[in-house]
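Read through the structure below, which is laid out as structure tokens, and then see the notes.
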Protein chains: 2
Amino acid sequence: MRELKQLPNSLTKSIADNQRGQVDRDGADVSADINRFRLISGYRSGDRRIEAGRDLFSIGSPEDAIFNLLDGWVALYTLLEDGRRQIVQFALPGAVLGLFPTRGAQATFGAQALTDTVLCVIPHSKLSEFTRDEPDIAMRLARSLARDCNLAFDHMTSIGRRSARERVAHLLLELFVRYRAQWPGHRIEEMCLPLTQEQIGDATGLTFVHVNRVLRVLRKERIAEFHYRRLRILDPDKLIEIAGIDPQIAMAWLDQRPGS
Amino acid sequence: MRELKQLPNSLTKSIADNQRGQVDRDGADVSADINRFRLISGYRSGDRRIEAGRDLFSIGSPEDAIFNLLDGWVALYTLLEDGRRQIVQFALPGAVLGLFPTRGAQATFGAQALTDTVLCVIPHSKLSEFTRDEPDIAMRLARSLARDCNLAFDHMTSIGRRSARERVAHLLLELFVRYRAQWPGHRIEEMCLPLTQEQIGDATGLTFVHVNRVLRVLRKERIAEFHYRRLRILDPDKLIEIAGIDPQIAMAWLDQRPGS
DNA sequence: CGCTGAGTTGAAACATGTCAACCGGTGTGG
DNA sequence: CCACACCGGTTGACATGTTTCAACTCAGCG
């Protein structure tokens with residue numbers, strides 16, 4: 001299993017630019033208002049930046065704060081003793097991370113920044129205070145967790161019951177739809193997907209060798225291209241068909257922000 | 001794919017008896033105080049009973065109430081168009097079901113009673129009222145969802161990265177530990193596990209034929225026996241080793257009740 | 001007494017993993 | 001400035017775990 005290292009600087013920089021939408025290929029200005037992903041607007045102890053490749057928290061870290069992801073991509077992952085790795089979820093801006101089942105428990109999964117990221121940090125000591133003042137917040141938290149759960153269930157179904165080809169198509173489509181939902185009204189069929197083939201493998205339960213083969217076929221069939229962190233959907237209908245997506249479920253992905 | 005039908009009456013009855021702990025093989029009286037699994041004690045619109053094999057809610061049902069499972073086993077499952085099925089979670093007493101990512105959304109997964117069950121039903125119309133009166137409840141809800149998420153991540157890791165043998169061992173151990181945690185101080189290595197081999201397959205992402213082979217080997221190796229809904233752990237250490245469980249994670253299973 | 005659901009078993013097919021080699025780009029150190 | 005190491009990707013040959021298909025048992029039930 002290859003080690004996970006940092007991306008070359010030039011790449012992460014261009015990813016971050018693309019991520020923030022400052023420049024895009026059709027020239028439209030889609031600058032992000034970062035605050036639209038902020039769950040708790042008033043209360044915060046300050047934003048934190050994490051550079052690509054670092055962990056927001058690792059397996060075994062104590063629960064000390066919850067994070068509201070404002071910008072960037074994050075992968076949640078688990079590890080087995082012998083190094084096998086499973087990416088269990090991709091978090092996009094708006095996500096809430098770091099709430100565990102019991103107060104002060106240790107994390108059973110890690111969270112790694114795939115790009116440079118910006119977080120809003122809410123220390124645990126303040127959380128109960130907020131929820132008391134504004135009871136709505138805890139409910140939004142719960143809804144956010146429910147969304148994560150739904151995504152996880154969907155993912156699990158993919159890994160457990162779909163073929164390699166279906167899994168890869170499903171993941172590409174999921175990430176494409178979720179990403180595009182962040183830029184409403186902005187219709188592009190191309191995006192920056194800050195993943196390696198190995199990470200796609202870790203998310204789909206496949207080896208990177210096999211992911212490569214599947215991607216090659218999809219490319220040859222002119223359905224989708226993924227190359228060096230750029231994803232281009234050539235035939236959306238075909239991809240949806242392969243992924244076996246119920247439009248119902250696709251709709252659930254569209255609403256990334258909790259509480260709405 | 002075989003259809004899922006009801007269990008024979010005699011079996012479900014004995015399961016329910018065992019579940020309620022009215023009689024156990026060592027003669028100890030372990031009658032359940034059903035109320036210890038009640039999340040919201042005061043407010044309720046009444047308990048509901050669901051018989052084994054029926055759905056608490058199905059895929060596509062609207063969110064109208066949340067359920068607090070008080071007694072019995074429930075399987076959460078998803079379906080693909082062609083009938084492939086994935087069990088994404090097993091819910092035990094104390095679980096909270098039916099909160100979806102957006103108000104009034106439709107369920108993307110179903111919930112099927114594996115035994116006769118008892119639920120406390122809290123209609124959605126009352127939920128906001130409760131959380132306003134007692135802000136703590138929403139937070140306990142969130143913690144409960146966080147636990148479900150953790151379980152789902154763990155499950156996903158199993159399906160994505162473990163071999164068939166490891167997956168089956170892991171599932172048996174998970175259910176054993178979670179079940180036993182409900183009867184503190186009660187040390188038995190035998191339990192009623194109200195599943196068919198096909199359901200184990202649906203939970204682990206395997207075919208029931210292969211599950212059968214794996215179980216047969218585990219039986220021959222005198223590690224664990226599963227036969228007609230009785231599970232007996234013969235060599236716990238060996239099973240833990242095969243399952244590749246981090247004791248850390250096992251501890252997280254132990255606390256089934258939210259908010260503690 | 002036949003039917004049905006669950007479990008069991010074997011043989012063959014096939015999807016995916018493993019191992020190994022090689023390519024091109026990027027950063028790095030001499 | 002070049003040589004080198006390293007990472008991510010690509011490809012082929014082969015190994016193997018799991019599925020598929022099919023037949024058969026057993027128990028409970030009408």
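Letters go in sequence order (proteins before strands), and every chain restarts at 1.
- Rounded to whole angstrom, the span from the CD atom of Glu225(B) across to the C1' atom of dG7(C) amounts to 15 Å.
- The side chain of Tyr228(A) lies closest to dG9(D), out of dG9(D), dT18(D), dT8(C).
- Side-chain N/O atoms of Gln199(A) include none lying less than 4.0 angstrom from OP1 or OP2 on dG8(D).
- Going from atom CG of Leu215(B) over to atom C1' of dT8(C) covers 12 Å, rounded to whole Å.
- Arg162(A) and Ser158(A) share a donor-acceptor pair across their side chains, judged by distance under 3.5 Å alone.
- Between Leu218(B) and Ile242(B), the closest heavy-atom pair is CD2-CD1, 4.1 Å.
- The side chain to side chain donor-acceptor pair (under 3.5 Å) test applied to Asp235(A) returns no partner, not counting sequence neighbours.
- Rounded to 10°, the angle separating the first-five-pair axis and the last-five-pair axis of the helix from dC1(C)-dG30(D) to dG30(C)-dC1(D) equals 30°.
- In this structure, Arg165(B) reaches neither bases nor backbone, as no heavy-atom distance under 4.0 Å exists between it and the strands shown.
- Listed candidates were dT8(C), dT18(D), dG9(D). Nearest to the side chain of Thr196(A) is dG9(D).
- Summarising the geometry, the separation between CZ on Phe208(B) and C1' on dC21(D) is reported as 11 Å, rounded to the nearest angstrom.
- Put simply, CZ on Arg230(B) is 15 Å from P on dG7(C), counting in whole angstrom units.
- To the nearest angstrom, P of dT8(C) lies 11 Å from CD1 of Ile200(B).
- At dG12(D), none of the side-chain N or O atoms of Arg216(A) fall inside 4.0 Å of OP1 or OP2 (strictly under the cut-off).
- Atom-to-atom, CG of Leu231(B) to P of dG7(C) comes out at 13 Å; the value is rounded to the nearest Å.
- Residues meeting the side chain to side chain donor-acceptor pair (under 3.5 Å) test with Asp237(B), sequence neighbours left out: none.
- Legend: residues meeting side-chain contact (heavy atoms from CB on, under 4.5 Å) with Gln197(B), ordered by chain and number and at least two apart, are Val211(B), Asn212(B), Leu215(B), Phe226(B).
- Rounded to an integer number of Å, the gap from Arg162(B) CZ to dT18(D) C1' is 18 Å.
- Formation of a donor-acceptor pair under 3.5 Å by the Arg48(A) side chain with backbone atoms of Leu119(A) is not found in this model.
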Handout entry: Verdict with reasoning, Tyr77(B) to Val88(B), per side chain to side chain contact (heavy atoms under 4.5 Å, CB included)
Key = CA-CA 5 Å; Tyr77(B) 64 91; Val88(B) 292; 5.8 Å; no
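- Not one side-chain nitrogen or oxygen of Asn212(B) sits closer than 4.0 Å to the OP1 or OP2 atom of dG7(C).
- Here salt bridge (charged side-chain N to carboxylate O under 4.0 Å, His left out) pairs that include residues 205-220 of chain A, with residues two or more places apart or in two chains, number zero.
- By the 30° and 60° cut-offs, the orientation of the rings of Phe153(A) relative to Phe109(B) is perpendicular.
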Atom pairs under 3.5 Å: protein N/O with N/O of nucleotides 17-20 of chain C:
residue	atom	partner	partner atom	Å
dG17(C)	OP2	Thr207(A)	N	3.4
dG17(C)	OP2	Thr207(A)	OG1	3.2
dT18(C)	O4	Arg213(A)	NH2	2.7

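- Distance, Ile159(B) CD1 to dT18(D) P: 13 Å, rounded to whole Å.
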